Amino acid sequence: CVRDDFFFCQAEDGIRGRIVTGVQTCALPISAFGPDAFPVITGGGKKPRPLGGAAQWGKGRVFMMALGYLGFLKKDASADDGARLMQNALAWVCHDKENPRLGEVKASEASWAKADVLLWNGDPAMPSKKQQALRDWISAGGGLLVGSCPWGWEQVKGKSLREHMPQNQTLAPLGLVFGGGYNSAH
């Protein structure tokens with residue numbers, strides 16, 4: 001299905017279709033390479049690259065989108081495509097639970113037990129012990145929504161996305177990471 005220079009990776013059925021229902025446009029690359037990870041949206045042009053991806057890990061689910069799409073959760077889904085995309089992703093990661101309880105990855109691990117879905121926006125430090133705790137939390141049935149600007153992180157930090165970005169270090173075992181570069185419609 002093609003819409004405005006973006007390719008949605010599958011017809012509007014199944015998981016991908018559920019997340020992109022009603023969405024017309026989006027935008028920065030991710031890599032989905034694990035056995036239970038998959039791209040949801042790719043950029044158009046001659047060399048399309050994934051912009052958003054998802055993974056299942058144990059009983060839990062993760063949706064990752066380059067750029068700060070998590071802010072769209074504060075809007076009604078009918079407001080615009082970004083809001084619709086994130087509301088669809090939220091419904092998928094929380095297994096359609098009504099009024100899911102949201103928490104923050106940057107909060108204490110003890111507070112995660114009070115949340116159905118954790119939001120990971122920005123760049124909180126993530127020691128390896130907390131990375132494993134987050135993967136365990138997801139595997140036990142938690143939902144995770146991740147939003148970041150990988151090219152901005154790389155420019156500001158001057159470090160390798162693959163080696164140093166906390167989201168990539170944490171989610172690589174799930175087969176879902178942020179990539180570098182940009183998408184092009186040409």
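Computed from a prediction, not measured in an experiment: that's the story for all the values here.
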**OP:** Compare all side-chain heavy atoms of Leu144 with those of Leu171 and state whether any distance is below 4.5 angstrom.
**Re:** yes
Subject >> Within 6.0 angstrom of Lys106 NZ, more than 12 heavy atoms from elsewhere >> reply: no
Original post:
Can you tell me how far the CG atom of Leu90 sits from the CG atom of Asp96, to the nearest 0.5 Å?
Top reply: 9.5 Å
Original post:
Which value, rounded to the nearest 0.5 Å, describes the distance between Ile138 atom CD1 and Leu118 atom CG?
Top reply: 7.5 Å
Original post:
Do you know which two heavy atoms are closest between Ala54 and Trp92, and how far apart they sit?
Top reply: CB-CZ3, 3.7 Å
**OP:** Output yes when a side-chain donor or acceptor of Lys114 lies under 3.5 Å from a complementary backbone atom of Arg101, and no otherwise.
**Re:** no
Subject >> Backbone N/O of Phe178 and side chain of Asn168: donor-acceptor pair under 3.5 Å >> reply: yes
Original post:
Going from CZ on Phe38 to CG on Leu176, what distance comes out if it is rounded to the nearest 0.5 angstrom?
Top reply: 9.0 Å
**OP:** Can you see which heavy atom on Phe63 is nearest to which on Met86, and at what distance?
**Re:** CE2-SD, 4.0 Å
Subject >> Inter-residue atom distance Met65.CE - Ser148.OG, 0.5 Å rounding >> reply: 12.5 Å
Original post:
Nearest heavy-atom pair of Asn121 and Gly147: which atoms, and what distance?
Top reply: OD1-O, 2.8 Å
Original post:
Under the salt bridge (charged side-chain N to carboxylate O under 4.0 Å, His left out) rule, what pairs show up with a residue in residues 164-178, not counting sequence neighbours?
Top reply: none
Original post:
What closest approach, in Å, do Pro39 and Ala32 show between heavy atoms, and which atom pair accounts for it?
Top reply: N-CB, 3.6 Å
Original post:
Of the non-hydrogen atoms in Cys94 and Val117, which two are nearest, and what is the gap between them?
Top reply: CB-CG2, 3.5 Å
Subject >> Residue pair Trp120 / Leu134, side-chain heavy-atom distance below 4.5 Å >> reply: yes
Original post:
Who are the salt bridge (charged side-chain N to carboxylate O under 4.0 Å, His left out) partners of Lys97, not counting sequence neighbours?
Top reply: Asp116
**OP:** Look up atom NZ in Lys130 and atom OG1 in Thr170, then write down how far apart they are to the nearest 0.5 Å.
**Re:** 10.0 Å
Original post:
Between His95 and Lys59, is there a donor-acceptor pair closer than 3.5 Å when you use the side chain of the first and the backbone of the second?
Top reply: yes
**OP:** Write out all pairs satisfying side chain to side chain donor-acceptor pair (under 3.5 Å) with one or both partners inside residues 131-143, taking only residues at least two apart or from two chains.
**Re:** Gln131-Gln169, Gln132-Arg135, Gln132-Asp136
Subject >> Separation of Met126 CE from Gln167 CD (nearest 0.5 Å) >> reply: 7.5 Å
Original post:
Does any non-hydrogen side-chain atom of Leu161 lie less than 4.5 Å from one of Val177?
Top reply: no
